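Since the model is a prediction, treat every value here as computed from it, not as a measurement.
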Amino acid sequence: MDGWILLCCLSWTLTKLYVWIKSNKKMLLTWVNCSSVRMATRIQDVFTVGKLMALGLIIVVGLVQICNGNYEALTPQVAFAMETTPSVGQIALAFLQASFAFSGWNFLNYVTEEVVEPRRNLPRAIYISIPLVTFVYTLTNIAYFSSMSPEELLSSNAVAVTFGEKLLGMFSVIMPISVALSTFGGINGYLFTSSRLCFSGAREGHLPSLLAMIHFKNCTPIPALLVCCAATIVILCIGETHNLINYVSFINYLSYGVTIAGLLYYRWKKPNLYRPIKVNLLVPVCYLMFWALLLGFSLYSEPVVCGVGLVIMLTGVPVYFLGVHWKEKPKCIYDFIERATYVGQRLCFVVFPQFDPIEIASSEEWTDRSSGRSSLSANS
C-alpha cells in the first residue's frame, strides 16, 4: 500500500514538473517575442530547419529499411487489417484528428501585414508549403511502418523516439532532442501568429483596446502576447492532450467553414469588391462540401467531444454582446476599462501604432464599385 502511495506521489510530481517545464518554455518564448520580431522569426527559421532535418533522417532510414525488404507492415493485408469495420463517422473523426498536424496552413494569414509583398508571397508560400508538408509527412509515416507495426504506433507516446530507439542505436538520442526542438518551434510559431490575431481583433474593436497596442521601441504586441501565453498555460494545466486536440480540431474546422461560407457570400452579394488575392470559386466550394461532410459525420460519431468544442466556441457569443454590441454601458465600466488600459500601458510600455499615410491612401482601392462604398474587409 505504501508503495502505491509513493508511486502516485512520484507520478503527480513528475506531471507537475512536466507542466512547469512546458510553462516555462512558453514564458521564455513569450519574452523572446516581446523583445524582438526579428529574433522570433530567426528562432522559427532555425527550428523549422532542424525539424525538417530530423524528418529527413527518419525518411532516409525508413527507405533503407524498405530497400532491405522490411516492409511487412506496409502490405495491404497488415496495413488494412481491422478487427471491426470502421464506421463513416469514425473515419471522419480520424480525418479531423489527423488534420491537427496540418493546421498551420492558415497561420501565415495572421501575419499578412508583416509579410514582404503579401499579394505575391502569401499565395506562393501556401502553394509551396502545403504540398511540401504533405509530401514530408506521408514519407515519414511510410518510414515508421518500415520498422513498427500499427499496434506499436498506437501504443507509443512519441513515435519518433520509439523509431529512433529501434533503428538508430547510439544515435537514438537525436530523436527526443528533435521532438523537443519541434515543439519549441511550434510554440514559437503559435505565439507569433496568434498574438497578431488578438492584435487585429482589438484594432477592429472586438477585444480590449490594450491588445491593439505595441511596444514603443520594439514594435511588438506585448499585451496580446501575454494574453496568449496566459491562456495556453491555463489550458495546459487543466486539459488532457487528446481531448484538447479534438476540441481544437473541431473548433478550427468550424471556423474555417464559416469563413469560407462568408467568402462565397461576399463573392455573390458584392462581386465588384477589390480583391488583391482571388481564387477560382471551385476551390472554396469543394472545400465547403468536404468540410460539411467531415464535421457532420464527426459530430454524429463523437457528439460529446464535438459538442464540448461547440460550447467552448459559443461562450464567445455573450462576451461579444456584452463587450462589443452593448454600446450604452454604465460610466463605471468605462472608467474601469480606462484605468485598466492606463495601467497596462504603464506596465508594458505600449502605445497605439502610428498609421502609415501610404496605407491609408491605398485603402481607397477597397471599394465596392457597384455601390460606391468603401470596405476594408473586401478580401474576406
Side-chain angles (χ1 to χ4, degrees), residues 11 14-15 18 22 48 50-105 130-187 239-250 252-253 294 297-298 301-302 305:
S11 176
L14 291 176
T15 302
Y18 172 76
K22 291 197 74 174
T48 299
K51 179 179 180 178
L52 288 175
M53 290 176 64
L55 291 174
L57 176 62
I58 292 173
I59 292 170
V60 170
V61 173
L63 292 178
V64 171
Q65 287 289 104
I66 293 173
C67 292
N68 291 335
N70 299 315
Y71 50 82
E72 293 83 5
L74 291 171
T75 58
Q77 295 82 358
V78 178
F80 297 101
M82 301 176 187
E83 296 181 0
T84 58
T85 303
S87 65
V88 178
Q90 290 173 328
I91 295 175
L93 191 63
F95 269 100
L96 193 67
Q97 293 176 345
S99 68
F100 180 79
F102 297 86
S103 60
W105 63 269
I130 291 180
L132 176 62
V133 170
T134 304
F135 178 74
V136 171
Y137 280 11
T138 302
L139 288 183
T140 302
N141 281 283
I142 292 174
Y144 287 150
F145 278 106
S146 68
S147 60
M148 300 174 66
S149 65
E151 292 75 19
E152 288 178 306
L153 286 169
L154 290 172
S155 61
S156 175
N157 291 324
V159 179
V161 175
T162 306
F163 179 87
E165 290 173 348
K166 294 190 68 172
L167 295 181
L168 296 182
M170 60 180 296
F171 297 104
S172 61
V173 69
I174 295 175
M175 285 298 109
I177 294 175
S178 300
V179 171
L181 296 180
S182 176
T183 58
F184 197 83
I187 293 174
E240 195 272 326
T241 305
H242 179 75
N243 288 334
L244 287 176
I245 290 176
N246 285 335
Y247 299 154
V248 169
S249 299
F250 182 81
N252 279 347
Y253 269 81
L294 185 67
F297 284 118
S298 299
S301 177
E302 290 288 345
V305 173

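Shown here are the salt bridge (Lys or Arg N to Asp or Glu O under 4.0 Å) partners of Glu165, two or more places apart in sequence or in another chain: there are none. Among residues two or more places apart in sequence or in another chain, the ring-ring contact (aromatic ring centres under 6.0 Å, His included) test is passed with Tyr144 by Phe163. Taking the side chain to side chain donor-acceptor pair (under 3.5 Å) definition, one finds that Thr162 meets it with Ser156, sequence neighbours left out. Taking the side-chain contact (heavy atoms from CB on, under 4.5 Å) definition, one finds that Ser155 meets it with nothing, sequence neighbours left out. Not counting sequence neighbours, the partners of Phe145 by the side-chain contact (heavy atoms from CB on, under 4.5 Å) test are Ala73, Leu74, Pro150, Leu153.
A side chain to side chain contact (heavy atoms under 4.5 Å, CB included) with Val136 holds for exactly one of Thr138, Leu139, Val133, Leu132; it is Leu132.
Judged as a salt bridge (charged side-chain N to carboxylate O under 4.0 Å, His left out), not a single pair has a partner in residues 52-71 (not counting sequence neighbours). Applying the salt bridge (charged side-chain N to carboxylate O under 4.0 Å, His left out) rule to pairs touching residues 86-101 yields nothing, sequence neighbours excluded. Screening residues 88-99 for salt bridge (charged side-chain N to carboxylate O under 4.0 Å, His left out) gives no qualifying pairs among residues at least two apart or on separate chains. Evaluation of the salt bridge (charged side-chain N to carboxylate O under 4.0 Å, His left out) test over residues 172-186, restricted to residues two or more places apart or in two chains, returns none.
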Which atom pairs, one a donor and one an acceptor, fall under 3.5 Å between side chains of residues 50-65 and the rest of the protein, sequence neighbours left out?
from: Lys51; atom 1: NZ; to: Tyr137; atom 2: OH; distance (Å): 3.3

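To the nearest 0.5 Å, atoms CG (Asn141) and OG (Ser146) are separated by 11.0 Å. Distance CG/Asn70 to CE/Met148: 14.0 Å, rounded to 0.5 Å.
Checked by atom type and distance alone, the side chain of Thr134 pairs as donor or acceptor with a backbone atom of Ile130 at under 3.5 Å.
Shortest non-hydrogen contact noted between Ala180 and Thr183 is O-OG1, 2.7 Å.
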